[in-house]
Amino acid sequence: MTTAIIGTGNIGSRLAADLIEGGVDLLLAGTDLAGTQALVAKLGERATAVTVDQAVDQADVIIFAVWLDTTKQLLAEYGDQLSGKILVDPSNPIAPAGDGGFVKTIPADQSAGQILAALVPANAKLVKAFGTLSAESLGSASRRTPELAVGFYAADDEAAGKTVAELITAAGFDPVPVGGLDQSIRIEVFGDLHEFGALGKVVGRTAALAAL
């Protein structure tokens, strides 16, 4: 199985480091190939810098570590080329509020996961994952002891969810499913299972299961 991350910003770079430490070989693609190559040089031999075209062509699992609108554009651009692949959405639909906080950029009762689920091509499987924790927590809480931090995920397809759960484990977190993509809103910013939602912190399995 070949895994790619499209997007090398805060989330993409932190997640890449976690996965590589867990033994996962990665294709990394960004808008700036030179910048991606510089990141790959830091990450080591398990990382390979590629173009977005190459990532889409070669990967079986693609993690879109980009903003929601960018993911929507990529789904429209590549269309049927994504058929048969597992697509992972960590996005949180937020923007700066101007007062130091953030506001949701889509209606309060909608989730990025459900929006994207309606846009993925036939035979592609979408999984919501890796967006419940901030970039900082992806770095600091990975492989936490004595109890692993939980990485929630949502999937309609059981096999796709299992594949992504294995990546969550490799990244140093304890995978906990929350249900189908209709539960995505719970693991996005302001959702009750998000680090910045009702949980208010990174949690282990015991607290996570109690919150479910």
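Here, residue 1 is the first one in the sequence, and each next residue gets the next number. Note that this is a predicted model, so its numbers are computed, not measured.
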Original post:
With distance as the sole test, does Arg205 use its side chain to make a donor-acceptor pair with the main-chain N or O of Ala208 at under 3.5 Å?
Top reply: no
**OP:** For the pair Lys104 and Glu188, find out whether any cationic side-chain nitrogen is under 4.0 Å from an anionic carboxylate oxygen.
**Re:** no
**OP:** Kindly give the cluster partners of Leu148, where membership spreads through any ILVMFWY side chain lying under 4.5 Å from a current member.
**Re:** none
**OP:** Taking Thr8 for its side chain and Ser13 for its backbone only, find out whether a donor-acceptor pair lies under 3.5 Å.
**Re:** no
Original post:
So do Val176 and Leu209 actually touch side chain to side chain, heavy atoms under 4.5 Å?
Top reply: yes
Original post:
Quick one: does Arg46's side chain have a donor or acceptor within less than 3.5 Å of a partner on Val24's backbone?
Top reply: no
Subject >> Hphob cluster co-occupancy, Leu126 + Ile187, side-chain heavy atoms under 4.5 angstrom >> reply: no
Original post:
Tell me, do Asp25 and Glu45 make a side-chain contact under 4.5 Å, heavy atoms counted?
Top reply: no
Original post:
Is a side-chain donor or acceptor of Arg186 paired with a backbone partner of His194 at a separation under 3.5 angstrom?
Top reply: no
Subject >> Under 3.5 Å donor-acceptor, Lys128 side chain and Phe152 backbone >> reply: no
Original post:
Which heavy atom of Ala49 sits nearest a heavy atom of Val40, and at what distance?
Top reply: N-CG2, 3.6 Å
Original post:
Are Ile6 and Leu116 grouped together when hydrophobic residues (ILVMFWY) are joined by side-chain heavy atoms under 4.5 angstrom apart?
Top reply: yes
Original post:
If we only count heavy atoms from C-beta on, is the Val52 to Leu74 side-chain gap below 4.5 Å?
Top reply: yes
Subject >> Shortest non-hydrogen contact from Asp18 toward Arg143 >> reply: O-NH2, 2.7 Å
**OP:** Report whether Leu212 and Tyr153 are members of the same hydrophobic cluster (ILVMFWY, side-chain heavy atoms less than 4.5 Å apart, transitive linking).
**Re:** no
Subject >> Asp182 atom CG, neighbour heavy-atom count above 12 within 6.0 Å >> reply: yes
Subject >> Sole residue of Leu19, Leu28, Leu26 in side-chain contact (heavy atoms from CB on, under 4.5 Å) with Leu43 >> reply: Leu28
Original post:
Which other residues end up in the same hydrophobic cluster as Val50, if Ile, Leu, Val, Met, Phe, Trp and Tyr are linked when side-chain heavy atoms come under 4.5 Å apart?
Top reply: Leu27
**OP:** Consider only side-chain N and O atoms of Ser137 and Glu195, and report whether a donor and an acceptor are under 3.5 Å apart.
**Re:** yes
Original post:
Between Asp157 (side chain) and Ala159 (backbone), is there a donor-acceptor pair under 3.5 Å?
Top reply: yes
Subject >> Which atom of Pro90 lies closest to which atom of Ile63, heavy atoms considered >> reply: CG-CG2, 4.0 Å
Original post:
When clusters are formed by joining ILVMFWY residues with side-chain heavy atoms under 4.5 Å apart, either directly or through shared neighbours, do Leu82 and Ile5 land in the same one?
Top reply: no
**OP:** Check the surroundings of atom CG in Asp80: do more than 12 heavy atoms from other residues, nucleotides or ligands lie under 6.0 Å from it?
**Re:** no
Subject >> side-chain contact (heavy atoms from CB on, under 4.5 Å) assessment of Ile94 paired with Phe190 >> reply: CA-CA 10 Å; Ile94 57 173; Phe190 308 130; 4.0 Å; yes
Subject >> Side-chain donor or acceptor of Lys85 paired with backbone N/O of Ala59 under 3.5 Å >> reply: yes
**OP:** For Asp156 and Gly180, indicate whether the former's side chain and the latter's backbone hold a donor-acceptor pair under 3.5 Å.
**Re:** no
Subject >> Check: Gly139 main-chain N/O paired with Ser142 side-chain donor or acceptor under 3.5 Å >> reply: no
Original post:
Would you say Ile86 and Phe173 are hydrophobically clustered, going by side-chain heavy atoms of ILVMFWY under 4.5 Å?
Top reply: yes
Subject >> Glu136, CD atom: more than 12 neighbouring heavy atoms under 6.0 Å >> reply: no
**OP:** Indicate whether any N or O donor in one side chain lies under 3.5 Å from an N or O acceptor in the other, for Thr51 and Asp53.
**Re:** no
Subject >> Close side-chain approach of Val88 and Phe64, heavy atoms under 4.5 Å >> reply: no
Subject >> Thr169 side chain to Ala165 backbone, donor-acceptor under 3.5 Å >> reply: yes
